There are 2 protein chains.
Amino acid sequence: MDEQERGGIDLSALQSSVGYRLRRVQIAAFTLFTQFMSEFDIRPTQFAIMTVIRDNPGLSQSQVSDALGLKRANLVPLLDGLEGRGLLVRSPSPADRRSYCLHLTDHGQEQMRAIQTRHDAYEQELTSSLGPAGRVALLALLDGFHFTGDSDGDTG
Amino acid sequence: MDEQERGGIDLSALQSSVGYRLRRVQIAAFTLFTQFMSEFDIRPTQFAIMTVIRDNPGLSQSQVSDALGLKRANLVPLLDGLEGRGLLVRSPSPADRRSYCLHLTDHGQEQMRAIQTRHDAYEQELTSSLGPAGRVALLALLDGFHFTGDSDGDTG
DNA sequence: TATTGTTATACTCTATAACTATA
DNA sequence: TATAGTTATAGAGTATAACAATA
């Protein structure tokens with residue numbers, strides 16, 4: 001056949017693959033997130049960490065790792081960065097001297113209010129072409145992903 | 001509050017974020033792909049490359065890069081690997097002596113038949129909990145992602 | 001001048017093993 | 001003995017700049 005001048009490339013096999021479409025859309029969503037959050041210097045994983053600590057103050061590092069699917073070892077430098085920026089603190093756990101209780105600082109809570117507002121705008125823009133009903137339908141479908149071997153842990 | 005013993009962590013803010021859910025589901029899909037394809041030693045990007053060349057024989061490296069959202073520079077070692085395994089060949093373009101025409105070898109076509117069959121089983125398992133109607137609805141929603149700045153190019 | 005393929009390189013993300021101090 | 005946090009490290013994935021050959 002060999003008839004690929006320009007614009008006429010057959011991608012139908014990949015377009016009908018849920019796995020491939022998920023990957024492309026996720027990459028585009030990541031790019032949009034970066035654009036929207038450029039003023040805050042916060043990446044998706046950092047945002048997830050701040051969010052889960054905001055909503056669950058006192059969590060340990062292992063609990064955060066498990067909740068977000070991160071490796072304990074990889075969480076350490078991420079927390080170092082956020083703590084170094086004064087957004088959160090590691091305080092000794094009164095119950096277990098091996099672990100820390102994670103809390104947002106006052107500054108971290110302030111920042112998160114602004115970041116959350118910006119994130120809401122990002123979500124709005126991300127799903128603008130789907131409409132509110134489409135967005136809800138998509139969340140329901142994404143929530144319905146359960147397959148054999150889906151332990152949902154340790155992905156980074 | 002500080003009442004996170006175990007299993008009661010509030011992830012509602014992230015669960016209602018399309019960006020976050022996309023990321024988690026995409027990672028789980030990647031893991032399942034790896035499990036299903038373990039006998040073939042082929043990664044998602046390699047599968048995408050093989051697929052687009054199978055369906056569009058004679059494409060140049062730049063065309064493959066653009067179609068899949070890869071950087072030209074990053075495609076080179078990927079093609080080196082696939083060519084080294086005898087799955088595809090770079091042949092000189094008769095029209096442009098700077099570029100190559102990419103084709104699957106006979107062995108590559110054979111392999112792709114088996115790989116495609118396995119990939120179909122992967123897609124089936126991946127979307128098993130959604131059902132056929134849910135899978136089609138999801139593909140339609142994923143296809144509907146168009147937002148400002150979505151050039152869909154250069155992501156890797 | 002611009003484009004194709006290539007090299008070199010750097011930065012991020014992810015994964016594993018091993019260590020320490022506690023439990 | 002098991003677990004929490006840490007360190008070191010290795011492997012992918014992804015990004016940019018620059019080069020030679022060709023258009």
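Residue numbers begin at 1 in each chain, while the letters A, B, ... track the order of the sequences. As the structure is a computational prediction, the values presented were derived from the model and not from experiment.
Proximity note for B/Arg72 (side chain, C-beta onward) versus D/dT14, C/dT4, C/dT16: the nearest is C/dT4. Considering only the side chain of A/Arg98, C/dA21 comes nearest among C/dT7, D/dT14, C/dA21. Ranking D/dT16, C/dA21, D/dG5 by closeness to the B/Lys71 side chain, first place goes to D/dT16. Which of D/dT14, D/dA17, D/dT7 sits closest to the side chain of A/Val76 comes down to D/dT7. Closest to the A/Ser99 side chain, of the nucleotides D/dT14, D/dA4, D/dT7, is D/dA4. The side chain of A/Ser62 has D/dA4 as its nearest neighbour among D/dT14, D/dA4, D/dT6. With C/dT12, C/dT14, C/dG5 as the candidates, the nucleotide lying closest to the side chain of B/Gln61 is C/dG5.
A/Glu110 meets the side-chain hydrogen bond (donor to acceptor under 3.5 Å, both in side chains) test with no other residue; sequence neighbours excluded. The side-chain hydrogen bond (donor to acceptor under 3.5 Å, both in side chains) search around B/Ser38 returns none, not counting sequence neighbours.
Remark: P of D/dT7 and CG of A/Leu78 are 14 Å apart, rounded to the nearest angstrom. Distance CG (B/Asp66) to P (C/dT4): 8 Å, rounded to an integer number of Å. The distance between atom CD of A/Gln46 and atom P of C/dT14, rounded to the nearest whole Å, is 12 Å. Distance CZ (A/Arg43) to P (C/dT12): 7 Å, rounded to an integer number of Å. What separates CD1 of B/Ile42 from P of D/dA12 is a distance of 15 Å, to the nearest Å. Rounded to a whole Å, the CZ atom of A/Phe33 is 12 Å from the P atom of C/dC13. Regarding B/Asn74, its CG atom lies at a distance of 16 Å from the P atom of C/dT4, rounded to whole Å. As a whole-Å value, the separation of A/Leu59 CG from D/dA4 P is 13 Å.
A heavy atom lying under 4.0 Å from DNA chain D marks the following residues of residues 90-97 of chain B, by number: B/Asp96, B/Arg97.
With hydrogens and angles left out, the side-chain atoms of B/Gln116 and B/Asp120 include a donor and acceptor closer than 3.5 Å. In this model, a donor atom of one side chain and an acceptor atom of the other lie less than 3.5 Å apart for B/Tyr20 and B/Arg24. Remark: the B/Arg85 side chain and the B/Gln111 side chain contain no N/O donor-acceptor pair separated by less than 3.5 Å. No hydrogens or angles considered: a donor-acceptor pair under 3.5 Å links the side chains of B/Glu123 and A/Ser17. In this model, a donor atom of one side chain and an acceptor atom of the other lie less than 3.5 Å apart for B/Gln15 and B/Arg21.
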